Colleague: 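This is the structure I have questions about; it appears just below.
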Amino acid sequence: MDNSSATRVFFLIWFFAATFSFCKVNSNISCNKKEKQALLNLKRGLTDPWNALSSWSDQEDCCKWAGVHCDNKTARVTKLQLGNLNLNGEISPSLLELEHLNYLDLSISNFNCTRIPSFLSSMGSMRHLNLASAGFCGLIPHQLGNISDLRYLNLGYNLGLYVHSLHWMSSLSSMKFLDMSSVNLSSALDWLQIMSRLSSLSELYLQNCHLDSLNPSLGFLNFTSLLVLDLSVNLFIHEIPSWFSNISSTLLELDLSSNVLKGEIPCGVSNFQNLEHLVLGLNYLTGKIPESFGQLKHLTVLDLELNYFSGPIPHPLGIYLICGSTVDEVFFTKLSKLKYLDLSRTPLFFNVNSNWVPPFQLIYAHMSSCKIGPSFPAWLQTQRSLKVLLMSMSGILDKAPSWFWNWTSNVDFVNLSANNIEGDVPNLLVNSTVLDLSSNHLKGQLPRLSANVRVLNVANNLFSGPISTFLCQKTNRKNKLQVLDASNNLLSGEFSHCWRYWQSLIHLNLGSNRLSGRIPNSMGSLVALKALRLPNNSIYGDIPSSLQKCSNLGLLDIGENNLSMTIPLWIGEMKSLTILRLRSSGFRGHIPLQTCQLSSLRILDLANNSLSGPIPKCLNFINSMAMPHIENYETMEYFEDAGTYFESLMLVPKGRELRYEENLIFVSIIDLSSNNLSGSIPNEISVLFQLHFLNLSRNHLTGKIPEKIGTMKELESIDLSRNHLSGEIPPSMSNLTFLSYLDLSYNNFSGRIPLSTQLQSFDALRYTGNPELCGAPLRKNCTKEQKSDGDTPLGNAEDESETSWFYIGLGVGFALGFWGVCGALFFKRTWRHAYFRFVYDMKDQAYVTTVLKVNWICKKFKKLTFW
Ligand SMILES: *[C@@H]1O[C@H](CO)[C@@H](O)[C@H](O)[C@H]1NC(C)=O
Ligand SMILES: *[C@@H]1O[C@H](CO)[C@@H](O)[C@H](O)[C@H]1NC(C)=O
Ligand SMILES: *[C@@H]1O[C@H](CO)[C@@H](O)[C@H](O)[C@H]1NC(C)=O
Ligand SMILES: *[C@@H]1O[C@H](CO)[C@@H](O)[C@H](O)[C@H]1NC(C)=O
Ligand SMILES: *[C@@H]1O[C@H](CO)[C@@H](O)[C@H](O)[C@H]1NC(C)=O
Ligand SMILES: *[C@@H]1O[C@H](CO)[C@@H](O)[C@H](O)[C@H]1NC(C)=O
Ligand SMILES: *[C@@H]1O[C@H](CO)[C@@H](O)[C@H](O)[C@H]1NC(C)=O
Ligand SMILES: *[C@@H]1O[C@H](CO)[C@@H](O)[C@H](O)[C@H]1NC(C)=O
Ligand SMILES: *[C@@H]1O[C@H](CO)[C@@H](O)[C@H](O)[C@H]1NC(C)=O
Ligand SMILES: *[C@@H]1O[C@H](CO)[C@@H](O)[C@H](O)[C@H]1NC(C)=O
Ligand SMILES: *[C@@H]1O[C@H](CO)[C@@H](O)[C@H](O)[C@H]1NC(C)=O
């Protein structure tokens, strides 16, 4: 979704920028006095932040003013091109005095959520009205239906426009171009009937209009002269209606992407013999691709990218179960004009001969998660214009042929990650802007880089050789590399001092190699760095204080090394740090109080070291764990057109190691487990309202659990096991409604386990080793005085039968969003227990990648709909 909407947005910007141009009419007749006055009145009402109307002065002929066009015979004003000037203020009704005005463009303005002035409807000569992205709100005045000669109406991308009905539109029979994208049309139930009667309509854009039905029961619809139909980003939750086949024989572009369309693509789509763009991506379409598609010989864009909700739906319940279908050579025979092909994330088998010569020359091929392999796709060699090749997870299980390496140097974006491509990479000069070969079986030395390369991702391969050869290589000194991920390879040796040649680096990951030696001072020259990751090597010595110069550093991960040092006090100066991971690296001494100065910190992982002393009381100063904050995406992700890079991180949120990827941005964790920390858990910790995971297990902590722990509403996991904590479990813990993992075992807790919500749903093992603890789920009954009323026994027959039903329902819930589930949970207590057990059983993988991904998608989507 992201790429195509980005393209769309880009296109819009380009479109508007291109359409606005100042033209001065080269004529000697001067303008009408009355009209000049009217224009001056218009100017007076408007605010003109860029001073674009400075030429509108009393002295000048108004036909020579910027954006004003006059008829060259009569000198009457016919055209006002005032788009893309960011105008705001009030549109004066003096506009009505321009009796011959037939063209008004006020697009890309900022009318501050005012209504579209209804007096515009009295401009009888108007043919072209462009109010796109002008900041209008509210009800679209039905009076616009009086402008009977209107040919072009663009009301798209105004936030908060809506209609009660579209009946007024019936009279606009000359309309050729209509764009109402992002207008709320949900009340206009008969939009289809009305718009199909506009017999001149050739372009119709209704993206994101909150439409929920294509009215499958309609028998027949005839949009006589439609060329372009965009119904993307709506809420159609049904099959593509059969009437679709007949809507127009002239159609050139059809976009139904980002809906919830189900079922098969009707064969009738091939009635659109002239079709050039077919975009059906991000739906739930199933079944076979009609063979007749192959007859669409004018097709240049084919986008069938599927599975809009495939991320959020847990694997076993989701639509991965859709049966695949096959496309073969025959399918493409006539598609000689195809330039843009997106079959990504479809379960299609791409079944072509090894000597196939396709009839097309693609520019863009997105076939990730399509079944391309096991052989390397030899037909790629025939593609001489390709700029973007995205073919990750496509089941290629083969050696990369020798032609491939030279061939890629002309392809700007290459992603062949997560296949099983084997072979020795020759002494290669990489020339692609983005080269992602991660997760294959490639061998050899790291390649050389031309100055074009921005992203080199060769993580999870078998690359070997000394890292210094690569870093100090002469050809590489002019590199402009921004992302280097060579983690999980067999690179060896010490870091050199050549880091000064790599000052463009933003993301650097050399984790899980065989690197040794110290971190050199010269790393301080990487001033653009946002993420530095060297975990799981054999690095020793201290962290050089020169790293302080990397003031943009948001992610520092040097866990699993042999640093054997104290945590430097200057760490407090690294104000951008959001992730600090020093796990399993032999750190000694106290946790410095300076850590609390890291007010953007969200992940603090110091587990499995030899840290001693108390947990700093000042943790409450870590603002980003205490208050809602704006996520800093830049530390975690990198976008370069078709190339993206997400940081991922192994964390241990709930007693097991998990990889966090796109969702990393939303996670907040404190993991101080397996150290020698002593003293009590500071009460101050309970203001960390945004914390999700707290692990203090395997230390020597004493005292009680802070009484107010129940205020940490976002907590999903608490592990305090194997300490010397005592006292009762605070009743406020029953307020932690998201808690899905709890381990209090092997302490000295006493009293009854507080009743309600999910505390009873955890396995008894999570409470064991506390001889004085009683109550469900422990078998030990509490004595009379410990018992409170309102206690009902768990797990009666009726509840059991409902539990499995709940599991099934949950799949749907996840798709709809976590909060929907949580809302429903409060209806029934047994459901709550079942839910929390489910999340625990589902093995957090699904939980983490679903819930957080839903959030992620929603946020992305919000960014998009903001437009
Ligand atoms: C406009 O007037 C100028 C002189 O006043 C003359 O040279 C020019 O040819 C005229 N242009 C037109 C389009 O009539
Ligand atoms: C008026 O302008 C139009 C467009 O610029 C041009 O095609 C037409 O010939 C002009 N008419 C006269 C009388 O100059
Ligand atoms: C926009 O409208 C709001 C509320 O109506 C007002 O407070 C604000 O000053 C307006 N902004 C401009 C630039 O007119
Ligand atoms: C629109 O036209 C109708 C009749 O066609 C007329 O009654 C009405 O006054 C007009 N409205 C405006 C705002 O011009
Ligand atoms: C669209 O309008 C309908 C009815 O007026 C309203 O119920 C709905 O909330 C609106 N949707 C959005 C997203 O504003
Ligand atoms: C649709 O309407 C046009 C004009 O009214 C007509 O020429 C065309 O044949 C119709 N299409 C169908 C499939 O009926
Ligand atoms: C509509 O399209 C279908 C499928 O191509 C065709 O069988 C049918 O005859 C068409 N109906 C009309 C009225 O054109
Ligand atoms: C690749 O290109 C280099 C230099 O352009 C050339 O020397 C080499 O022979 C080419 N290799 C193949 C396999 O085409
Ligand atoms: C490297 O890429 C640039 C543009 O991206 C291209 O002009 C140039 O020919 C390429 N160089 C080689 C050796 O392929
Ligand atoms: C749980 O939270 C509610 C409201 O936030 C509060 O009134 C109540 O006292 C809390 N319960 C406990 C046991 O702390
Ligand atoms: C706990 O109490 C229940 C009934 O309240 C009783 O059936 C059970 O035997 C008791 N268990 C123990 C270990 O005393």
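Counting convention: from 1, in listed order, for ligands and their atoms alike. Just so it is clear, the structure is predicted and the values come from calculations on it, not from any experiment. This chain uses plain numbering: 1 for the first residue, then up along the sequence.
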Colleague: Tabulate below the donor-acceptor pairs under 3.5 Å that side-chain atoms of residues 384-392 make, not counting sequence neighbours, or state none.
Modeller:
residue: Arg384; atom: NH2; partner: Gln381; partner atom: O; Å: 3.3
residue: Lys387; atom: NZ; partner: Asn410; partner atom: O; Å: 3.1
residue: Ser392; atom: OG; partner: Ser368; partner atom: OG; Å: 3.3

Colleague: So, the side chain of Gln383 versus the backbone of Phe360: is there a donor-acceptor pair under 3.5 Å, distance only?
Modeller: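 Side chain of Gln383 to backbone of Phe360: a pair is present.
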Colleague: With a 6.0 Å cut-off on ring centres, are Trp243 and Phe223 close enough?
Modeller: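 No, ring centres 6.0 Å or more apart.
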Colleague: By number and element, which atoms of ligand 5 are closer than 4.0 Å to a non-hydrogen atom of Ser187?
Modeller: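 Those atoms are 4 (C), 5 (O).
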Colleague: Would you be so kind as to tabulate the donor-acceptor pairs closer than 3.5 Å made by side chains of residues 159-167, with sequence neighbours excluded?
Modeller:
residue: Ser165; atom: OG; partner: His167; partner atom: N; Å: 3.1
residue: His167; atom: NE2; partner: Asp190; partner atom: OD2; Å: 2.8

Colleague: What distance separates Ser496 OG from Leu471 CG, expressed to the nearest 0.5 Å?
Modeller: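 Ser496 OG to Leu471 CG: 4.5 Å, rounded to 0.5 Å.
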Colleague: With a cut-off of 4.0 Å, which atoms of ligand 5 are near a heavy atom of His210?
Modeller: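 Within the 4.0 Å cut-off of His210, ligand 5 contributes 13 (C).
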Colleague: Quick check, are the ring centers of Tyr645 and Tyr638 under 6.0 angstrom apart?
Modeller: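 No, the ring of Tyr645 stays outside the 6.0 Å limit from the ring of Tyr638, centre to centre.
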Colleague: Just to be sure I understand the cut-off, which residues have at least one non-hydrogen atom under 4.0 angstrom from an atom of ligand 9?
Modeller: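 Only Ser409, Asn410, Asp412, Asn431, Asn452 have heavy atoms that fall under 4.0 Å of ligand 9, ordered by chain and number.
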Colleague: Does any part of the side chain of Leu481, heavy atoms only, come nearer than 4.5 Å to the side chain of Trp502, both counted from C-beta?
Modeller: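 Side-chain contact under 4.5 Å: yes.
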Colleague: Near Asn184, which atoms of ligand 5 are under 4.0 Å from a heavy atom of that residue?
Modeller: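 Counting atoms of ligand 5 from 1, those under 4.0 Å from Asn184 are 1 (C), 2 (O), 3 (C), 8 (C), 10 (C), 11 (N), 12 (C), 14 (O).
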Colleague: Please identify each residue that fulfils ring-ring contact (aromatic ring centres under 6.0 Å, His included) with Trp379, with sequence neighbours left out.
Modeller: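 Residues passing ring-ring contact (aromatic ring centres under 6.0 Å, His included) with Trp379: Phe350, Trp356.
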Colleague: Hey, which atoms in ligand 5 end up nearer than 4.0 Å to a heavy atom of Ser186?
Modeller: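 Counting from 1, the qualifying ligand atoms are 1 (C), 2 (O), 3 (C), 4 (C).
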